[in-house]
Amino acid sequence: MATPVLHVSQLTKRFGDFTAVDGVSFEVKPGEILGLLGPNGAGKTTTIQMLLGLVTPSGGSICMFGLDLATHRETILQQVNFSSTYISMPQSLTVEENLWVVARLYGLSNIARRVHDIVKKLEMEDFRDKITRKLSSGQMTRLTLAKAFLTEPKILFLDEPTASLDPDIAHKIRALLKEERRSSGLSILYTSHNMREMEEMSDRIIFLQRGRIVAEGTAQEIAARFGKADLEEVFLKLARDSR
Ligand SMILES: Nc1ncnc2c1ncn2[C@@H]1O[C@H](COP(=O)(O)OP(=O)(O)OP(=O)(O)O)[C@@H](O)[C@H]1O
Ligand SMILES: [Mg+2]
């Protein structure tokens with residue numbers, strides 16, 4: 001069996017006496033797409049922020065590529081990238097300038113070619129010279145995705161990557177994610193509130209509720225376990241039970 005790219009064990013985050021993530025354990029295998037699902041406030045973003053070393057866990061461990069994030073942070077993060085709405089980029093630079101900054105920070109070679117390719121892949125030609133501050137939210141999302149792809153990571157953490165995209169672009173992004181996984185064995189952990197997207201994209205899904213894993217498996221397995229027709233029905237049941 002392939003060594004997991006990511007291994008999370010008993011991960012916990014407390015904010016004061018509130019526990020946002022409560023003893024969560026899971027793995028992501030090479031080339032696997034894992035969906036992190038759960039109602040608002042379930043602990044998805046907090047989990048991703050811990051995986052990125054942006055939030056310090058209160059307990060548990062995170063290993064990537066067989067290394068412990070607590071002790072091999074720099075080596076690990078070179079091979080990881082992410083996109084989310086909380087990302088901030090220099091607002092007065094253009095889209096292309098921002099991609100150059102990221103490429104230089106990661107010490108990439110062939111920057112001009114890489115930037116050209118990613119701009120083309122994400123159909124960003126129309127706004128490549130726009131000042132970042134002036135981007136629409138969907139354009140900004142595409143810039144953060146471009147930033148994430150640019151460094152050719154081994155694992156991508158995507159926090160609601162398609163939330164502000166129009167259906168056409170969202171469709172293209174899903175196709176791109178699947179193609180990257182197929183061609184380069186990229187592993188992806190992502191969140192979404194779009195149940196159809198979860199069903200279409202995820203090899204496996206982890207359902208978080210109040211910081212705990214309450215269900216795990218393929219979309220079909222989870223639906224069957226709860227005696228529901230699809231993921232949306234499961235979501236409504238679990239979310240409503242918890243409120
Ligand atoms: N810095 C913080 N201080 C205190 N509480 C926090 C902090 N960050 C997050 N929380 C709390 O932790 C819980 C989990 O938040 P998180 O952002 O991880 O949820 P989420 O699953 O990503 O939700 P959403 O679907 O709304 O994005 C929430 O109750 C939130 O208020
Ligand atoms: Mg969130």
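Keep in mind the model is a prediction, meaning the values are calculated, not measured. Whatever order the structure lists ligands and atoms in, that order sets their numbers, starting from 1.
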### Task
Using 2.8 Å as the cut-off, note every protein N, O or S atom close to the Mg ion (ligand 2).
Thr45 OG1
### Query
If you group Ile, Leu, Val, Met, Phe, Trp and Tyr by side-chain heavy-atom gaps below 4.5 Å, do Val21 and Phe15 land in one group?
no
### Query
Ser184 and Glu152: side-chain donor and acceptor closer than 3.5 Å?
no
### Message
Could you check whether Lys154 makes a cation-pi contact with Phe65, meaning its NZ or CZ is under 6.0 Å from the centre of the six-membered ring and within 45° of the ring axis?
### Response
yes
### Message
Consider side chain to side chain contact (heavy atoms under 4.5 Å, CB included). Of Lys120, Glu97, Glu96, which one does Arg128 pass it with?
### Response
Glu96
### Residue of the set Glu180, Glu179, His116 for which side chain to side chain donor-acceptor pair (under 3.5 Å) holds with Lys121
Glu180
#### Entry: Met195 and Leu37: CA distance, side-chain angles, deciding distance, side chain to side chain contact (heavy atoms under 4.5 Å, CB included) verdict
CA-CA 9 Å; Met195 297 302 119; Leu37 180 64; 3.3 Å; yes
#### Entry: Positive for side chain to side chain contact (heavy atoms under 4.5 Å, CB included) with Ile205, one of Leu231, Thr218, Leu36
Leu231
### Query
When rounded to the nearest 0.5 angstrom, what is the spacing between CZ in Arg196 and CD in Glu232?
10.0 Å
### Straight-line distance of Ile48 CD1 to Phe82 CZ, nearest 0.5 Å
10.0 Å
#### Entry: Set of residues that line ligand 1, where lining means a heavy atom lies under 4.0 Å from it
Phe15, Phe18, Ala20, Pro39, Asn40, Gly41, Ala42, Gly43, Lys44, Thr45, Thr46, Glu160, His193
